[in-house]
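Order of the sequence lines fixes the chain letters, A, B, ..., with proteins taken first and strands second; residue numbering starts at 1 for each chain.
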Amino acid sequence: MKHSSLAVREWLTGYLFISPWLIGFIVFTLGPLAASLYLSFTNYNLLQSPQFIGAQNYVQMVHDPNFWQALSVTFYYAIFAIPLDLAVALALAILLNQRVRYMPLFRTIFYLPAILPPVATSVLWNWILNPDYGILNAFLHALGLPQPQWLVTPQWTVPAYIVMSVWGVGTWMVIFLAGLQDVPQSLYEAAAIDGASIWGSFWNITLPMISPVLLFNLVQGVIGTFSYFTQAYIMGNGVGGSNAGVDNAGLFYALYLYIQGFAELHMGYASALAWVLFFIVLILTLLIFKGSALWVYYGGERD
Amino acid sequence: MKRSVKIASAIAGAAVLVALGIAIPTALNRPGAFASSKNTGSASTAAPVTITLGTWGGAQENQQLMQIIDKINQKYKGKFVIEDYNVPGGNYDQKLNTEFAAGTAPDIFYVDDSLAQTYASEGVLLDLTQYINEFKSKALVANPANYYPNTLVDVRYSGHYYALPWIAQPVVMYYNPKLFQQAHLPIPSPNWTWQDFMRDAKKLTNPSKGIYGYLQSNGWPPVEMYIWSYGGDIYNASKTKALLNTPADIKGLTLMADMVKEGVVPPLAKLANVDIEDLFRQGRVAMFAGGAADGNYDTNGFTAKIQQMPMGTTHATDLYIADLAINAHSKVPKEDLYLAYTALLDGIDHWKIVPPVKQYAANLQDIVVPGAPGNHTPSDRIQPILESLKYAKVIPVVKNMANYWNIMSNDIYQPLLLGQMTPQQAAQKAEQDLNANLK
Amino acid sequence: MTYTEASAIPRDASTRARLTQRLHRFVTYLLLIGTSICFLIPFAWLVISSLKPNDQIFVFPPTWWPKPVEWSNYIQALTSQPFGRYALNSLLIALVNVIGNLVSNSFVAYGFARFRFPGRRLLFMLLLATMMVPSQVLLVPQFILFHDLGWIDTFLPLTVPSFFGSAFYVFLLRQFFMTIPIELEEAARIDGAGPLRIFFSVVLPLIRPALTAVAIFSFQGAWNDFLTPLIYLSDPSKFTLQLGLAQFQGSFHTDWNLIMAASVVVMLPMAIIFFVAQKYFVQGITMTGTKG
C-alpha cells in the first residue's frame with residue numbers, strides 16, 4: 001500500500017504534535033496503569049508484595065453487597081447530577097455572557113465556589129445543609145416547602161450531594177462561557193431580524209455552536225460523577241460515624257474503593273473495583289461519542 | 001530551519017524554567033525544590049546519622065514536639081539528628097501505607113494503635129525484643145513491666161513487642177458543678193453508679209433552657225464503655241465470635257437507649273456538625289464523657305471538674321492509645337535507632353497526658369499543660385484520671401476496623417438513638433454483622 | 001410631510017426595541033444580582049466565621065455576628081506557620097503547571113484535532129481512557145514509579161507531568177480546535193505556511209478563551225491540590241498552602257476559626273487571577289462572518 005509523501009508527512013507531523021503526550025504516557029502513565037491492572041488479580045495489602053490470586057477479586061465483587069450499593073449510589077447521583085449541573089452551568093454561562101457592566105465582577109463571584117479550599121468546604125456544607133439551622137432549609141421554609149433531613153437520613157443523602165454538585169459547576173460554566181465566545185453575535189442579530197424567539201435562537205444557534213463544548217462537559221460529567229470522591233470523603237469524616245453516610249447511603253464508588261484500598265488494606269480488591277468502573281465508564285463514553293455524530297457540529301469539520 | 005528552531009526554543013524555555021526552579025530556591029537559601037533533602041542515613045561513624053520521624057498532629061502540637069526533638073538533638077549532637085516529618089490533616093495512615101509500599105517509610109514513626117497488629121504481622125515493624133533486653137535496665141520506657149498492662153494489648157504479636165505506646169488517655173466524666181449546685185445535687189462520687197447518673201441527668205435536664213444532663217452522639221461516647229461496665233464484652237477472648245447478643249451487652253445498649261427515652265440527651269439531629277464538647281463548655285450539657293487530656297479549662301462561667309465514669313456492675317471506661325514503632329527496614333544503625341527511640345518515648349511521656357508508664361503517670365501533676373490553671377493538671381483531677389487508667393480498656397481491634405465502625409454506626413447508634421429499634425433487636429443484628437466481619 | 005411620516009414609524013420601532021433592550025437588561029441584572037447573593041451568602045458566613053473566636057463557630061442556634069470581632073485570627077493564622085514559604089511553594093508549582101499545561105496540551109490537542117495519522121482514533125480513546133481509571137488505585141504504583149526516579153520529596157512529581165499533556169486539557173482544547181473553520185488553515189497553507197506557523201499564528205489566537213480557561217484551571221488545580229503534595233512532600237519547608245491549612249487540624253482539636261481565616265487569604269490570589277483573566281475571555285475577532 002503506497003501512501004503519498006504528503007500523507008506520510010501528515011502522519012509524522014501528527015505524531016510530532018502529540019509526542020509530548022505519547023512520551024508522558026509511556027513514561028508516567030503506562031506503568032502505573034499496567035501495575036494496577038495486574039494488582040487487580042492479586043491480594044495486596046501494601047505492606048508485603050502482591051500475591052497472585054487470579055480472578056478471585058472479581059468473583060468476590062459480584063457477591064459483595066457493598067459493591068452493588070456503591071454502584072447504585074453512584075448511578076443515582078450521576079443520573080440527576082449530570083443533567084442538572086449541565087443545565088445550570090449553561091444557564092449561568094449564558095447569563096454571564098450578556099453585555100452588562102461589571103461583568104468580570106459577576107463572573108468572579110459565580111466562580112468563587114470552585115476555588116474554595118477543600119478543607120473549608122466540609123464545614124461550609126455541613127452548615128448549609130444542617131436540617132435545623134442550615135440556610136438551605138431556612139430558605140425552603142421561607143418558601144413554604146418541606147425541609148428535608150439532609151445527610152442525616154439515608155433518603156436525603158445523595159440528594160444532598162446533588163445539591164452540592166450544583167455549587168461546583170464553576171468549571172463547566174467557565175468552559176461553556178469559553179465556548180459561547182465563539183458564537184458570532186451576527187448570527188443572533190440575523191435571527192432576531194427574522195423574528196426568532198429567545199428559545200428559538202437558543203435551540204437553533206447557541207446549542208449547535210457550543211455542541212463540541214457540550215460534548216466535552218457531558219463526557220467529563222460522566223467520568224467525573226462516576227469517580228466522585230473528594231466531597232464524599234471530606235463530608236464524612238466524623239467520630240464513629242462512617243464516611244459513607246447512614247446505612248451506606250453515601251457510599252460512592254470511589255469512596256468505597258478508597259476505603260478498601262487504604263483503610264482496609266485490600267489494594268488488590270480496590271484495583272479490581274477500579275477496573276470494573278473503568279469498563280462501565282468506557283462503555284458509556286463510547287456510546288456518547290457514537291451518538292455525538294447526531295448532534296455535535298464542528299465548525300471546522302474535518303473528520 | 002524554522003520548525004526545528006521553534007521546537008528547540010520551546011524545549012529550551014522549559015529547561016530554563018526547570019533551571020530557575022532550582023536556582024531561585026537555592027538563592028533564597030532554602031533546600032532546593034528539585035533536590036530531595038532526605039538523607040538516606042550514612043553508616044559512617046564520623047558524620048551524624050539522620051533519623052526520620054513520622055508523626056501526625058496539628059501545627060501547634062507539632063511545635064511542642066519540635067521542642068522535645070530539639071532537646072534530644074542537642075543531647076546527641078554529632079551522633080544523630082532526628083528530622084520530624086509531620087503529616088498534615090487526617091491522612092497519616094494513607095501516606096504511611098503508601099510509603100510502606102514503596103519502601104520509603106520513616107525510620108521511627110507513630111502508629112495508630114488499631115493498625116499495630118496488622119503492621120507487626122506483615123513484618124514492617126522492627127521486633128523490639130533485642131531493644132528491650134538491652135535497654136530495659138537503662139530506661140523506664142524500655143521495660144514493658146513499667147507500663148499499665150492494658151496499654152500493651154495491641155503492641156504484642158506472637159509474644160514479641162513491636163511497638164510501645166506513648167499516650168494512654170482514659171475517658172472520664174466532665175461535669176458542671178454549678179449546674180449540679182443549682183439542681184441541689186451532690187457532685188458525683190468515685191463509685192457512683194449509672195442509677196445515680198440517671199437520677200442526676202434527669203434533674204439536670206431542662207429543655208426549656210436548652211440544657212441537657214448528658215450527651216450521646218453517633219459514636220461518642222463509645223457504647224463499648226457501657227457494655228463493659230455491665231461486665232459484657234464485644235468479642236470472646238480469642239476474638240472469633242461477637243458477643244453482642246448477650247444479657248450483659250444488652251444492658252449496656254439499654255442504658256444508651258434509656259438516655260434517649262428519658263430525654264436526658266440532646267436529640268441526635270441537633271448534633272449534626274456541632275462541636276459536642278463545646279456544648280459542655282458553654283453550659284448546655286451538664287455531664288460530658290471526654291478524654292482526660294481534653295482539659296475543658298476554658299469554660300463559660302464555671303470550672304469543669306471530672307470524676308470517673310459511673311459504674312454498672314463494675315468500673316469501665318474507654319482508653320485511647322497511640323504507639324511509636326521502628327521501621328523494620330531502616331538502614332540506620334540499630335544503636336542510634338534505639339537511643340533515639342528511647343529518647344523520643346521518654347520525651348513524649350513527659351509531654352502527653354497520660355503517660356502509659358506507671359512511674360511517669362504517678363507524676364501527672366508535674367506535666368506542663370498549657371491552658372490549665374497554673375499550667376498543670378488541677379490536683380483534684382489526678383485521682384480520677386489515675387484510677388480510670390487502671391481499668392480503662394481499648395476497643396478490641398479486628399482486621400476490618402473501618403467496617404466495624406460502620407456496623408456500630410448503622411446497627412447500634414443510629415437505630416437506638418433514633419428510637420427505631422429495641423436494644424434486643426439492635427444487639428441481634430449487630431452481632432450477626434460483627435460475626436460476618438470477623439471472617 | 002413625508003419627513004415626519006417617514007420618521008414616525010422608525011421612531012416607534014426603535015423605541016420598542018429600546019424598551020425591550022431595557023427590560024432585557026433589567027432582568028439580566030436582576031438575575032445576576034440575585035444569583036450573586038446566593039453564591040455570596042456562604043462566603044459571607046466563611047468570612048464571618050473567620051472573625052469569630054473558635055468556640056462561637058459551632059454554636060446552635062448559629063449566630064451571625066462575631067462578638068468580639070477577632071481580627072487577630074488572621075494574624076494568628078498567618079504567623080503560626082510559615083505561610084510565606086508555603087505561598088512561594090504553591091506559587092512556583094502553580095506557575096510551572098500553567099506553563100507546562102498551556103504548552104504541551106495545545107500541541108497535543110492540535111495534533112489530535114487536525115492531523116490524520118494511523119491509530120488516531122485509538123490513541124484518542126486511549127487518552128480519554130486514562131481519565132477513567134480512579135486515581136486512588138494509581139496512587140501507589142505512581143508513588144513507586146516516582147520513588148524509582150528518585151523524585152520523592154521534591155516538586156518534580158507535582159510539575160513535570162504537566163509538560164507531557166493531560167487528558168482533560170487535551171480533550172478540551174481539541175474540541176475548540178475542531179470548531180475552527182478549516183478554510184483558515186488551508187488558506188494559510190496555500191500561502192506557504194508550515195504547520196507550526198499555522199499553529200502559532202492562525203489557530204492558537206482563535207482559541208484564546210479556551211487557553212485562558214486552561215490557564216485558570218491549571219493554576220487552580222495546582223493551588224488547591226491537597227493529596228498529591230501530601231503524598232510526595234515530606235520536608236515541611238516544601239509544604240504548600242493547602243498542607244498548611246490542613247495543619248490547623250490537630251489530633252483532638254481543630255482551630256476552625258484559623259482555618260477559615262487562612263482559607264479566605266488563600267482564596268484571594270485565585271479570585272484576583274480569575275478576575276484579571278477576564279479580559280482574555282473575549283470573542284475571537286476573526287470568527288464573526290466566516291460561517292454565514
Mind checking the [atom1]-[atom2] spacing from [X] to [Y]? Nearest 0.5 Å is all I need.
X      : Y      : atom1 : atom2 : result
C:L40  : A:L112 : CG    : CG    : 6.5 Å
A:I109 : C:T35  : CD1   : OG1   : 10.5 Å
A:T108 : C:M270 : OG1   : CE    : 10.0 Å
C:L32  : A:R107 : CG    : CZ    : 10.0 Å
A:L16  : C:L196 : CG    : CG    : 7.5 Å
A:Q181 : C:R208 : CD    : CZ    : 10.5 Å

Which of the residues [options] is involved in the greatest number of heavy-atom pairs with chain A at under 4.5 angstrom?
options                        : value
C:F117, C:F199, C:F248, C:F112 : C:F117
C:T28, C:L172, C:L245          : C:L172
C:V266, C:L123, C:V214, C:V276 : C:L123
C:A129, C:A246, C:C38, C:A213  : C:A129

Check: [Y] and [X] side chains under 4.5 Å, non-hydrogen atoms:
X      : Y      : result
C:L31  : A:F106 : no
A:F25  : C:L126 : yes
C:F274 : A:V174 : yes
A:I128 : C:I41  : no
C:F115 : A:I18  : no

(message) Between C:F176 and A:D182, does the side-chain contact (heavy atoms from CB on, under 4.5 Å) criterion hold? Intermediate values first, please.
(response) CA-CA 9 Å; C:F176 278 91; A:D182 284 345; 3.7 Å; yes
Kindly give the heavy-atom pair with the smallest separation between [X] and [Y], and that separation in Å.
X      : Y      : result
C:H24  : A:Q98  : CE1-OE1, 3.2 Å
C:F39  : A:F110 : CD1-CA, 3.5 Å
C:A210 : A:A178 : N-CB, 4.2 Å
A:P212 : C:Q175 : O-NE2, 2.8 Å
C:Y29  : A:R101 : OH-N, 3.3 Å
C:L128 : A:F289 : CD1-CE1, 3.3 Å

(message) Less than 4.5 Å to any heavy atom of chain A: does that hold for the side chain of C:I33, its backbone, both, or neither?
(response)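 Both backbone and side chain of C:I33 come within 4.5 Å of chain A.
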(request) Below 4.5 Å from any heavy atom of chain A, which atoms of C:P118 appear? Answer side chain, backbone, both or neither. (result)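 Looking at C:P118, backbone and side chain both touch chain A.
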(request) Answer with yes or no whether the side chains of C:Q220 and A:Y111 bring together a donor and an acceptor at under 3.5 Å. (result)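 Checked: A:Y111/C:Q220 side chains pair up, N/O donor to acceptor below 3.5 Å.
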Scan the side chains in residues 130-146 of chain C for donor-acceptor partners under 3.5 Å anywhere in the protein, sequence neighbours excluded, and list what turns up.
{"unit_1": "C:T130", "atom_1": "OG1", "unit_2": "C:L127", "atom_2": "O", "d": "2.5"}

Donor-acceptor pairs under 3.5 Å, side chain of residues 162-171 of chain C to any protein atom, not counting sequence neighbours: which ones?
{"unit_1": "C:S162", "atom_1": "OG", "unit_2": "C:T159", "atom_2": "O", "d": "2.6"}
{"unit_1": "C:Y169", "atom_1": "OH", "unit_2": "C:S218", "atom_2": "N", "d": "3.3"}

(message) Please classify the contact between A:Y269 and chain C as side chain, backbone, both or neither, with a heavy-atom cut-off of under 4.5 Å.
(response)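 It is neither, since no heavy atom gets under 4.5 Å.
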(message) Is A:S271 close to chain C through its backbone or its side chain, or both, or neither, when contacts mean heavy atoms under 4.5 Å?
(response)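 Both parts, backbone and side chain.
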(request) Hey, can you tell me if A:F17 and C:F107 have their rings parallel, tilted or perpendicular (30° and 60° cut-offs)? (result)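 Judged by the thresholds at 30° and 60°, the geometry between A:F17 and C:F107 is tilted.
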(message) Shorter than 4.5 Å, heavy atoms on both sides: which option in A:L105, A:L286, A:V281, A:L95 has the most such pairs with chain C?
(response)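 Most heavy-atom pairs within the cutoff with chain C belong to A:L95.
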